[in-house]
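One structure coming up, written as structure tokens, with questions to follow.
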2 protein chains.
Amino acid sequence: MEQKRISQWIGKQSILFEEARRPYVLSSAAVGGKKEGEGPLGVYLDEVVEDPFCGGKTWEEAESRLQEKAVRLAIHKSKLKKEQIRYLFGGDLLGQLIATSFGISIFQIPLFGIYGACSTMGEALLLGAMTVAGGYGDYVISMTSSHTASAEKQFRFPMEYGNQRPLCASWTVTGSGAVVLSYKKPEKEEPLIRINGGTPGKIVDFGLKDSMNMGACMAPAAADTIYRNLRDLDVPADYYDQIITGDLGQVGRKILLELLSEKGYEIRDRHMDCGIAVYDSLTQDTHSGGSGCGCSAITLNGYIMHKMKKGDWKRILFVPTGALLSPISFNEGNSVPGIAHGVILEAETSLS
Amino acid sequence: MEQKRISQWIGKQSILFEEARRPYVLSSAAVGGKKEGEGPLGVYLDEVVEDPFCGGKTWEEAESRLQEKAVRLAIHKSKLKKEQIRYLFGGDLLGQLIATSFGISIFQIPLFGIYGACSTMGEALLLGAMTVAGGYGDYVISMTSSHTASAEKQFRFPMEYGNQRPLCASWTVTGSGAVVLSYKKPEKEEPLIRINGGTPGKIVDFGLKDSMNMGACMAPAAADTIYRNLRDLDVPADYYDQIITGDLGQVGRKILLELLSEKGYEIRDRHMDCGIAVYDSLTQDTHSGGSGCGCSAITLNGYIMHKMKKGDWKRILFVPTGALLSPISFNEGNSVPGIAHGVILEAETSLS
């Protein structure tokens with residue numbers, strides 16, 4: 001392992017930053033909606049917005065305002081001025097990323113708009129880290145969001161229709177998460193969290209066509225990225241204290257564990273899915289679990305960061321998962337391919 | 001200048017790669033539709049696809065097939081195997097990037113999905129170059145596309161309605177462009193084309209709301225990025241042999257020249273707009289000019305690369321321009337903000 005670390009990229013598709021260049025998480029923020037606040041991880045959120053419109057007039061504006069809150073809070077916690085943030089990597093689920101276009105323009109930070117469906121937090125984090133480690137800026141911010149109502153309107157049926165949802169369907173998280181990455185070592189309490197590298201994902205298409213069962217569509221992509229990461233780094237699954245997928249839900253998790261088991265990796269004892277963790281499915285009526293870009297984003301920047309800072313998890317593989325569909329591709333009878341981007345985060349103390 | 005080059009980032013928002021790390025354009029491909037083939041730059045295209053459906057069944061599938069053709073051709077011309085391409089940076093105009101999800105999955109190259117509206121070729125090229133120069137891979141591919149019919153269906157009215165278009169409206173280019181970037185110096189005839197750096201753009205919103213006049217919406221963003229680039233590099237406009245915007249059209253060009261003139265930069269004698277160049281507006285009924293991600297993509301990979309290889313232009317600033325709107329944001333009465341990403345390309349000979 002140590003030898004390989006010197007290089008910035010290894011194996012077929014993974015990146016490991018040079019030891020000294022690994023970006024630091026300078027600050028992070030997680031903003032959720034009412035339902036997320038009431039969920040098992042609600043206590044770890046920085047802010048809970050009770051009003052579903054977030055003070056806005058439309059669902060899209062509500063989502064934009066969540067982004068604005070998360071970015072503003074992350075910058076505030078970083079003690080930087082917004083002018084010091086060189087680039088912003090962000091996106092959302094809506095067509096043409098309009099939540100982002102209208103959510104972050106107020107900050108006037110040069111924007112790289114990205115789209116990875118619900119894997120966007122992983123893509124944003126990885127590109128942000130590559131930018132910082134590559135020497136293109138001292139500080140960048142990586143951000144994403146989703147909103148139940150704007151997503152249902154975009155992809156399925158407007159909430160106002162009150163249509164029934166099958167048990168394998170997930171509930172789009174209302175929330176936004178933002179991370180400020182820094183090249184310079186932060187002057188703050190240890191442990192510090194750093195990005196070691198990651199594994200950008202390929203599109204994996206098993207031919208599934210059910211937009212109400214996205215966990216099953218995404219599980220093969222998650223399995224592919226996790227497998228590739230472990231193979232590229234040449235490490236066993238217990239190299240990570242936790243392997244965390246985005247929003248597979250109960251159905252997708254089962255498929256993931258089986259697929260990886262077939263390939264010789266048992267991750268059951270260290271696998272967590274943000275979609276399963278974010279709600280209490282028995283009392284919150286969320287069926288298969290949470291989903292959306294916001295699902296992994298608020299779980300990372302709330303609960304996961306907390307666990308790492310507390311020392312419970314030293315090194316994790318964070319693998320947000322995305323289902324690549326649009327209302328048009330779905331109505332035209334296309335399959336729902338998946339993609340998953342893996343990011344390695346490590347908590348570091350002077351002693352470690 | 002030379003001193004600054006040593007650093008990888010300069011000024012407020014620009015990047016200049018270290019001299020030795022500047023990525024090479026290993027190959028590029030431009031595939032256009034029938035109308036593009038008949039246009040003034042048609043002769044520079046690698047392939048013209050006469051069938052508007054490109055052999056597919058839907059407009060979206062047609063666009064995906066254009067991407068597949070462009071990527072396949074660029075890889076073929078690079079003499080690499082597709083397995084050697086480490087990452088793909090790409091996107092398109094359609095909601096949730098479905099042209100890309102279905103267009104490039106066949107290549108099984110890890111994907112960074114990006115969205116910059118019609119500025120996507122610039123964003124893809126810049127991120128690809130940052131990845132190669134940063135040492136994250138020897139070869140990457142940057143790609144985008146658009147299609148008249150899929151774009152009209154997405155943003156305005158399906159072509160089949162036959163609605164009238166105002167004279168300030170543009171015509172979405174049917175086409176796809178792809179570039180293979182290499183860290184290693186290619187063994188081929190000079191001049192070699194390299195990416196020196198670039199200037200990622202900010203969202204610029206002048207409050208315009210007319211989705212039929214996108215040139216006016218995007219011109220302020222183009223002006224902002226060009227101004228920032230010239231200021232960051234501390235160079236006059238004639239540092240570039242040509243400053244090339246994406247799809248401002250006649251209306252947007254006029255605004256761009258005025259805005260830059262107000263800031264003290266006269267670029268009239270070296271400004272070209274891909275949207276104006278790609279069609280003959282008198283005979284092709286395209287009104288204000290071409291637009292769409294494909295507009296700057298096929299012009300770059302066809303005509304512009306030709307001019308640089310021929311030695312007519314040594315150094316250019318390529319500034320694709322994007323209008324950030326969606327059918328939803330437009331119908332909700334929002335403005336159409338713009339964004340423009342600048343990329344510096346330079347033709348290099350052993351003597352230069």
Side-chain angles (χ1 to χ4, degrees), chain A residues 7-9 12-13 15 57-58 60-61 83 86-87 91 93-98 100-102 104-105 108-117 120 123 126-127 130-131 133-137 150 153-155 199-205 228 322 324-329 332 334 337 339 341, chain B residues 7-9 12-13 15 57-58 60-61 83 86-87 91 93-98 100-102 104-105 108-117 120 123 126-127 130-131 133-137 150 153-155 199-205 228 322 324-329 332 334 337 339 341:
Chain A
S7 146
Q8 282 198 324
W9 52 282
K12 289 213 170 161
Q13 70 196 63
I15 289 166
K57 283 178 189 156
T58 65
E60 293 75 24
E61 191 182 348
E83 291 76 18
R86 198 157 173 91
Y87 304 122
L93 288 176
L94 305 182
Q96 293 78 42
L97 310 187
I98 47 161
T100 304
S101 300
F102 292 101
I104 57 87
S105 68
Q108 286 293 290
I109 300 170
L111 166 71
F112 288 99
I114 60 172
Y115 181 78
T120 300
E123 185 179 346
L126 197 47
L127 282 173
M130 286 162 66
T131 299
Y136 302 120
S150 63
K153 175 177 159 186
Q154 172 77 95
F155 290 101
T199 306
K202 291 183 301 218
I203 295 175
V204 179
D205 190 351
R228 197 67 260 164
L324 300 168
L325 83 160
S326 84
I328 292 174
S329 73
E332 287 178 352
N334 279 315
I339 194 164
H341 295 293
Chain B
S7 146
Q8 284 198 322
W9 53 284
K12 290 212 169 162
Q13 69 195 63
I15 289 167
K57 282 178 188 157
T58 64
E60 293 75 23
E61 191 183 346
E83 292 76 17
R86 197 156 174 92
Y87 304 122
L93 287 177
L94 305 182
Q96 293 77 43
L97 309 188
I98 47 161
T100 304
S101 300
F102 293 101
I104 57 88
S105 68
Q108 286 293 290
I109 300 170
L111 166 71
F112 287 99
I114 60 172
Y115 181 77
T120 300
E123 185 179 346
L126 197 47
L127 282 173
M130 286 162 67
T131 298
Y136 302 120
S150 63
K153 175 176 159 186
Q154 172 77 96
F155 291 100
T199 306
K202 292 183 301 218
I203 295 175
V204 179
D205 190 351
R228 199 66 260 164
L324 301 167
L325 83 161
S326 84
I328 292 174
S329 72
E332 288 179 350
N334 279 314
I339 194 164
H341 295 292

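Quick caveat, the model's predicted, so the values are computed rather than measured. Every chain is numbered from 1 and lettered A, B, ... according to where its sequence line falls, protein lines coming before strand lines.
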For the student: nearest non-hydrogen atoms of K202(A) and Q108(B), plus distance: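 Nearest heavy atoms, K202(A) then Q108(B): CD-O, 3.1 Å.
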field: Interface residue of largest heavy-atom contact number with chain A, from L325(B), D205(B), T199(B), under 4.5 Å
entry: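 Top option by heavy-atom pairs under 4.5 Å: L325(B).
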- request: Heavy-atom distances under 4.5 Å only: say whether I109(B) touches chain A with side chain, backbone, both or neither.
  value: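 The backbone, not the side chain.
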task: Using a cut-off of under 4.5 Å on heavy-atom pairs, state which of I328(A), T100(A), I339(A) scores highest against chain B.
output: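 Of I328(A), T100(A), I339(A), I328(A) has the most heavy-atom pairs under 4.5 Å with chain B.
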task: Give the minimum heavy-atom separation between T131(A) and M130(B), together with the two atoms involved.
output: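 Distance-wise, the nearest heavy atoms are OG1-CE, 3.6 Å.
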- request: Heavy-atom distances under 4.5 Å only: say whether E61(B) touches chain A with side chain, backbone, both or neither.
  value: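 Neither part, no heavy atoms under 4.5 Å.
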message: I'd like to verify something: which residue of G95(A), S105(A), A117(A), P200(A) has the highest number of heavy-atom pairs under 4.5 Å with chain B?
response: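 It is P200(A).
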Engaged part of Y115(B) at the chain A interface, taking heavy atoms whose separation is under 4.5 Å: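 Both backbone and side chain of Y115(B) come within 4.5 Å of chain A.
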task: Starting at CG of L97(B), measure out to CG of L97(A) and round the result to the nearest 0.5 Å.
output: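 Going from CG on L97(B) over to CG on L97(A), the span is 7.0 Å.
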- prompt: Shortest non-hydrogen contact from S326(A) to I98(B)?
  reply: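 So the two residues come closest at OG-CD1, 3.4 Å.
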query: Using non-hydrogen atoms only, which part of L94(B) is less than 4.5 Å away from chain A: side chain, backbone, both, or neither?
result: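 For L94(B), the backbone is the part near chain A, not the side chain.
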message: What's the separation between atom CD in Q96(A) and atom CG in L324(B), rounded to the nearest 0.5 Å?
response: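 Answer for the CD-CG pair, Q96(A) versus L324(B), is 9.5 Å.
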message: Taking side chain as everything from C-beta outward and backbone as N, CA, C, O, which of these in F112(A) sits under 4.5 Å from a heavy atom of chain B? Side chain, backbone, both or neither.
response: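 It is both, since atoms from each part get that close.
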query: Can you name the nearest heavy-atom pair linking E332(B) to T58(A), along with the distance?
result: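 Closest heavy-atom pair between E332(B) and T58(A): OE1-OG1, 3.4 Å.
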- prompt: What part of K12(B) gets closer than 4.5 Å to chain A, counting heavy atoms only: side chain, backbone, both or neither?
  reply: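 Contact with chain A: backbone only.
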Option that, when pairs with chain B are counted at under 4.5 Å, heavy atom only, ranks first among G91(A), G137(A), G116(A):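 Ranked by contacts with chain B, first place is G137(A).
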- request: Below 4.5 Å from any heavy atom of chain A, which atoms of Q13(B) appear? Answer side chain, backbone, both or neither.
  value: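 Contact with chain A: backbone and side chain both.
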message: To the nearest 0.5 Å, what is the distance between CG on L126(B) and OH on Y136(A)?
response: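 So the gap between those two atoms works out to 9.0 Å.
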task: Let me know if I104(A) has heavy atoms under 4.5 Å from chain B in its side chain, its backbone, both or neither.
output: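 Contact with chain B involves the side chain of I104(A) alone.
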- prompt: What is the minimum heavy-atom distance between G113(A) and E123(B), and which atoms define it?
  reply: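 It is O-OE2, 2.6 Å.
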task: Identify, with sequence neighbours excluded, every residue that meets ring-ring contact (aromatic ring centres under 6.0 Å, His included) alongside F102(B).
output: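 Listed in chain order: nothing, the list is empty.
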For R86(B), all residues meeting side chain to side chain contact (heavy atoms under 4.5 Å, CB included), sequence neighbours excluded: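 Side chain to side chain contact (heavy atoms under 4.5 Å, CB included) list for R86(B), sorted by chain: W9(A).
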